[in-house]
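Heads up: the structure comes next, in structure tokens.
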2 protein chains.
Amino acid sequence: MATRRKTHQGSEVSKQAILEAVLSRAVEAGYEGTTMADVARASGLPIGSVYWHFQNKEQLFVALLDHCFEVWRRTHASAADMRELLRRSIADSAAASGSLADPAAAFWSIGLVFAFERRLEDNLARQRYLAIREEMFEFIASRLRASYAGVTEDVAAELAHDIAVMGRALTDGFRVAAAAGDDTDFTRYAELAADALESLVSARLREHAQRA
Amino acid sequence: MATRRKTHQGSEVSKQAILEAVLSRAVEAGYEGTTMADVARASGLPIGSVYWHFQNKEQLFVALLDHCFEVWRRTHASAADMRELLRRSIADSAAASGSLADPAAAFWSIGLVFAFERRLEDNLARQRYLAIREEMFEFIASRLRASYAGVTEDVAAELAHDIAVMGRALTDGFRVAAAAGDDTDFTRYAELAADALESLVSARLREHAQRA
DNA sequence: GTCTATAGAACGATAGAC
DNA sequence: GTCTATCGTTCTATAGAC
């Protein structure tokens, strides 16, 4: 079963090498900036092999998005509370500017390009990004909902939705700051963001406690 | 002085038509998605004229950025306080998704693409965007600083900086939400964002009042 | 200043030998 | 499954007539 280096290695090995290559390139250059020739070069395989393993550029990025979402789900499933979630999300923004340390985290900054490029409206990778964005939102909102005690389900659901919207805006905003190269201490502002959201939560809970 | 339509009209008239054309295209398709042929078609002039008035695509976008910044400065110079600033900025995000109503506002969502496309590192338009982003930040921070009474200058400066960072993250984040097509009531969340930042301000001011 | 034609480069994708 | 050569398209930019 001995195989020569780079030729006829297991299919899965090559596929994985290509996924790693496209991640490293996408982090540097985004979707449009990543060329299939780049990916081939970074993977050590010829461009023909890339097209043998993946139908086209769109499908290659769809596969990459799915892979990154898996990583995200694993690392965020164990987050204890809102503050911890914000800490991790905003720290990921910092990782995105430093770049290579945690490519799977840095990827989500690249994903934002999909949000802006309306030219990619029919692009399957863009649609997958938006679908995953929605799934992440529901994931966060349902966790928050479960953490509000002493109010009706309706109130908890609306509050969780509001806080999830605000939290998403903040983390996306700090990703923009990282991409723009703003000189920002993300660790510090993660705490400030958590302070701000916590004060919204307690104000809302207080408000409904008075009515009861 | 009668001139035939579209031929040899005043230089300024054509230049302005081209700027309007590139704005309308950039709002739809971003930087890379806007082609010089698109701009020419939208302006009603041939592509040769576009290159006669502007050196190249980069310089065309530099001129567009400067023009939009002028509009922004005019419309935000009169903003009364932080809540009003957030209202306008986040309402602009909504305008960006609806698109054509206020192109000068919608433009800033397009500008965010420059933040993400690192491939454009040496691009003069990207550098201009980042410079203007910095100027806007200082503009906001200095206005906030002047609004905090009863604390030392150092404290006011640090607080203004923090709130400006948080406000920028929030508005950028809502621009992302608009671009991603998230179903969001921007008017409502502008108020919530203002509530959150105001609670940060009063907490900080209270903290320093106790020490004095 | 306006307009057409085209050069020149980059990219996605395919064909077909091995 | 791997690899090379190449096709077809798209886009920026220029040349040069008017």
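Each chain gets a letter, A, B and so on, in the order the sequences are listed, and its residues count up from 1. Here the structure is a predicted model, which is why all the values come from computation and not from measurement.
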Write out a two-atom table: protein N or O, nucleotide N or O from nucleotides 14-17 of chain C, distance below 3.5 Å.
none

- Distance, nearest 0.5 Å, that separates OH of A:Tyr189 from CG of A:Asp195: 12.5 Å
- Query: Quick one: B:Ile18 CD1 to C:dT2 P, roughly how many Å, whole number?
  - Reply: 8 Å
- Could you tell me whether a side-chain N or O of A:Arg119 sits under 3.5 Å from a main-chain N or O of B:Ala29, the two making a donor and an acceptor? no
- Message: Quick check on C:dT2: is either OP1 or OP2 less than 4.0 Å from any side-chain nitrogen or oxygen of B:Ser14?
- Response: yes
- Exactly one candidate in B:Asp162, B:Leu144, B:Leu170 meets side chain to side chain contact (heavy atoms under 4.5 Å, CB included) with B:Leu197; the answer is B:Leu170
- Nearest-nucleotide pick for B:Lys57, side chain only, options being D:dT2, C:dT2, D:dT12: D:dT12
- Message: What is the separation between atom CZ on A:Phe61 and atom C1' on C:dC11, rounded to the nearest whole Å?
- Response: 14 Å
- Query: Which nucleotide in the list C:dT4, D:dT2, D:dT12 gets nearest to the side chain of B:Met36?
  - Reply: D:dT12
- OG of B:Ser89 to CZ of B:Arg175, rounded to nearest 0.5 Å, is 6.0 Å
- Item | For atom NZ of A:Lys15 and atom C1' of D:dG1, their distance in whole Å | 13 Å
- Item | B:Glu12 CD - C:dG1 P separation (whole Å) | 8 Å
- Within-4.5 Å side-chain heavy-atom neighbours: A:Trp108 and A:Met136: yes
- Message: Do the side chains of B:Glu135 and B:Arg73 get close enough for a salt bridge, i.e. N-O under 4.0 angstrom?
- Response: yes
- Flag the pair A:Arg143 and A:Glu84 as a salt bridge only when some basic side-chain nitrogen lies within less than 4.0 angstrom of an acidic carboxylate oxygen. no
- B:Trp52 CH2 to D:dC18 C1', straight-line distance once rounded to whole Å: 16 Å
- Can you tell me how far P of C:dG12 sits from CG of A:Asn123, to the nearest Å? 12 Å
- Would you kindly give the OH-to-P distance between B:Tyr31 and D:dT12, to the nearest whole Å? 8 Å
- Side chain of A:Ser49: nearest nucleotide among C:dT2, D:dT2, D:dC11? D:dT2
- Item | Euclidean distance, atom CD of residue A:Glu32 to atom P of D:dT12 [Å, nearest integer] | 12 Å
- Task: Side chain of A:Pro46 only, please: which of D:dG1, D:dA13, D:dT4 is the nearest?
- Result: D:dT4
